[in-house]
Protein chains: 2
Amino acid sequence: MVLTTKGLATRQRILEGAAAYLRTSDPGNATLDDIRNVTQSSKSQLFHYFPGGKEELFLAVARYEADRVLDDQQPHLGALDSWAAWDRWRKAVIARYKAQGANCPLASLMNQVGSVPGAAEVSTTLLRQWQDHVQRGIETMQAKGEVSREINARRTAAAFIAGIQGGVTVLRTTGRTEHLESILGLLIAYLRESTAASTRA
Amino acid sequence: MVLTTKGLATRQRILEGAAAYLRTSDPGNATLDDIRNVTQSSKSQLFHYFPGGKEELFLAVARYEADRVLDDQQPHLGALDSWAAWDRWRKAVIARYKAQGANCPLASLMNQVGSVPGAAEVSTTLLRQWQDHVQRGIETMQAKGEVSREINARRTAAAFIAGIQGGVTVLRTTGRTEHLESILGLLIAYLRESTAASTRA
DNA sequence: CACGTCTTGGACTTGTGGGTCCAAAAAAGG
DNA sequence: CCTTTTTTGGACCCACAAGTCCAAGACGTG
C-alpha cells in the first residue's frame, strides 16, 4: 500500500480521532461505527488504512497512547536526580492520572493482552521503559549518596511500577486518588530513609 | 420467584460453573452460550434463575469471586499479629496469584466498572474490606511496639492495597511475579524498619 | 487531456449473541 | 390422582457490528 500525503493525513486523522474517542469511552464497547462517526470517515477508509480491521486500528491506538504515557511524565521522569525532581515527578504522575480519571487507555489495553496478540508486547515494552527510567533515577541518587547502596535499584524500580499501576487501578475503580498518592509517597519516603537505615544494617 | 431445592441447586450449578469458566477465559469475550455449554443448561434456565440476563449473572459471579479473594488469604489476613504472620500472608498472596496467572476474575470485573452499574460497588467493597484487614494488622503491630506509632495505619494499608493490585496487574500483563514480590517485600520491610526510623524522627 | 492510481462513500452480507416464548416434563400439594 | 406451580429444552427473533465490495471521485503524471 502506497500512501500519498492526503492518505497519510487521513490515516493520522483516524488514528488520533480514535485515540481521543477511546480515551473518553470504554474501549471494550467501542465500535468501528463510533470511530467512523467521530473521525468523519467511511468504512472503506478504516479498512483501507488499517487492513487488519478493528484489531489493527486499536493496536495502533495502543501504541500511540503508550508513547503519551511516558511523554506526560517528562521531563521529570528522565532526570530523577534530586529529591526535588522526584517530588515534581510524583506530582506529575498524580496530576496526569487525576485528570484522566476512570479512563485509562493503557489499562484497557492490558485487558486485551489475552485476546489480542500484539497487546502484550506493547504494554510490556512500556512497563519496561518506565521501570528503566525509575531505576536510572535510583542509581543516580545512589551515586550522589542520597540513597543507600544497599537498595536494589532494579527491584525497587519494579516496586514503583507495581505501586503506580495499582494506584491507578484503584483510582479507576473507586475514583479516589488516595491510594496512588499514598503508595508514591511511601515509596519515595522509603528511598529517603534508606540512607539512615543503611547505617544500621 | 419461589425456588424449590432443585431450583436452588440448578442456580448454584450455573453460578459455580460460570465462575469456573470465567476464571479460565477472558470474561470480556465470554458468551451466554459458553456458559450454557459448560454448565449443561438451557437458555431458559439461565434467564429463569438470572432474569437480568448476562449482566445479573456476571455480577453474581463477581460477588462470588470477591468472597474467594479474601478467603484465599485466610487465616493469615485475619491475624497479622507477628512478623511471621505477615510473612505467611505475603507468601499466601503470592502463591494465590501465581497459581491464578493471567486470569484474574476481579480484574476483569473492575474493567466493567464503567459499564455495569453494580460492579463498582462490588469491587469497592472488596478493596475496603481488604484494606481494613491490613490496617488492623498494622495497628496490632503498633500496639505491640513492632511498628512505629508514627506510621499512618490507614494510609499505609492503602499503599498495600495499591501495591498488591499493581503487582497483580503487572503479573497479568507480563506473566512475571517479580513486581508483586518486590512491592510486598518492600512494604513489609518499610514497616519493620519503621521502629528504628521513628527513633530518628 | 487522458490514463492509472489512490481515495472515498456507503450499501450490503454475514455471523453472532442476547433475549423471548411456548410447550412439555417434573414436582409439589391437597 | 388431579391441579397448580416450578423447571426445562430449544426454536426463534432481532439488533448490532465486523468486514466486503464496487463504483465514483480526486489527484498526480506523461
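Residue numbers begin at 1 in each chain, while the letters A, B, ... track the order of the sequences.
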Peer 1: Could you tell me whether the side chain of A/Leu186 reaches within less than 4.5 Å of the side chain of B/Leu187, counting heavy atoms only?
Peer 2: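 When only atoms from C-beta onward are counted, A/Leu186 and B/Leu187 do touch, with a gap below 4.5 Å.
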
Peer 1: Between D/dT20 atom P and A/Lys54 atom NZ, what is the distance in whole Å?
Peer 2: 15 Å

Peer 1: Side-chain N or O of B/Ser42 versus OP1/OP2 of D/dG9: is the shortest distance under 4.0 Å?
Peer 2: yes

Peer 1: Roughly, in whole Å, what's the span from CG in B/Asn37 to P in C/dG18?
Peer 2: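 Distance, rounded to whole Å: 12 Å.
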
Peer 1: So A/Tyr64 and A/Leu22, do their side chains get closer than 4.5 Å, heavy atoms only?
Peer 2: no

Peer 1: Verify, without hydrogens or angle tests, whether B/Ser182 (side chain) and B/His179 (backbone) share a donor-acceptor contact under 3.5 angstrom.
Peer 2: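 No: the side chain of B/Ser182 does not pair with the backbone of B/His179.
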
Peer 1: If the condition is salt bridge (charged side-chain N to carboxylate O under 4.0 Å, His left out), which residues does A/Arg154 pass it with, not counting sequence neighbours?
Peer 2: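 Scan of A/Arg154 (salt bridge (charged side-chain N to carboxylate O under 4.0 Å, His left out), adjacent residues dropped) gives B/Glu178.
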
Peer 1: Tell me whether the side-chain N/O atoms of A/Gln45 come closer than 4.0 Å to OP1 or OP2 in C/dT8.
Peer 2: yes

Peer 1: Atom pairs, N/O to N/O, protein against nucleotides 21-29 of chain C, distance under 3.5 Å?
Peer 2:
none

Peer 1: Checking A/Gln12 against A/Glu16: is there a side-chain donor and acceptor pair closer than 3.5 Å?
Peer 2: yes

Peer 1: Test: salt bridge (Lys or Arg N to Asp or Glu O under 4.0 Å). Region: residues 25-36 of chain B. Which pairs qualify, not counting sequence neighbours?
Peer 2: B/Asp33-B/Arg36

Peer 1: B/Tyr49 side chain N/O closer than 4.0 Å to the phosphate oxygens (OP1, OP2) of D/dT8?
Peer 2: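 Yes, B/Tyr49 has a side-chain N/O under 4.0 Å of OP1/OP2 on D/dT8.
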
Peer 1: Expressed in angstrom and rounded to an integer, what is the separation of B/Gln40 atom CD from D/dG10 atom P?
Peer 2: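 The distance from CD of B/Gln40 to P of D/dG10 comes to 11 Å, rounded to the nearest Å.
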
Peer 1: If you assign each of B/Leu8 and A/Gly52 to its closest nucleotide in DNA chain D, which residue comes earlier from the 5' end?
Peer 2: B/Leu8

Peer 1: Going by the salt bridge (Lys or Arg N to Asp or Glu O under 4.0 Å) test, which pairs reach into residues 67-79 of chain A, not counting sequence neighbours?
Peer 2: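 Only A/Glu65-A/Arg68, A/Asp72-A/Arg96 qualify under salt bridge (Lys or Arg N to Asp or Glu O under 4.0 Å).
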
Peer 1: For the residue pair B/Gln142 and B/Ile138, establish whether any side-chain heavy-atom pair is separated by less than 4.5 Å.
Peer 2: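 Result yes, sub-4.5 Å side-chain heavy-atom pair found.
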
Peer 1: What's the CG-P distance between B/Leu32 and D/dC14, to the nearest Å?
Peer 2: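 It is 19 Å, rounded to the nearest whole Å.
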
Peer 1: What integer distance in Å separates A/Asp34:CG from D/dA17:C1'?
Peer 2: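 Whole-Å distance recorded here is 10 Å.
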
Peer 1: For A/Leu46 and D/dT20, give me the distance from atom CG to atom C1', rounded to whole Å.
Peer 2: 14 Å

Peer 1: Contacts to DNA chain C from residues 55-64 of chain A, heavy-atom cutoff under 4.0 Å, which residues?
Peer 2: none

Peer 1: Any pair with a residue in residues 121-146 of chain B that passes salt bridge (Lys or Arg N to Asp or Glu O under 4.0 Å), sequence neighbours left out, goes on the list, sorted by first then second residue, please.
Peer 2: B/Arg63-B/Glu121

Peer 1: Would you mind reading off the distance between B/Arg36 atom CZ and C/dT16 atom P, rounded to a whole angstrom?
Peer 2: 14 Å

Peer 1: Between C1' on D/dT8 and CZ on B/Arg11, what's the gap in Å once rounded to a whole number?
Peer 2: 17 Å

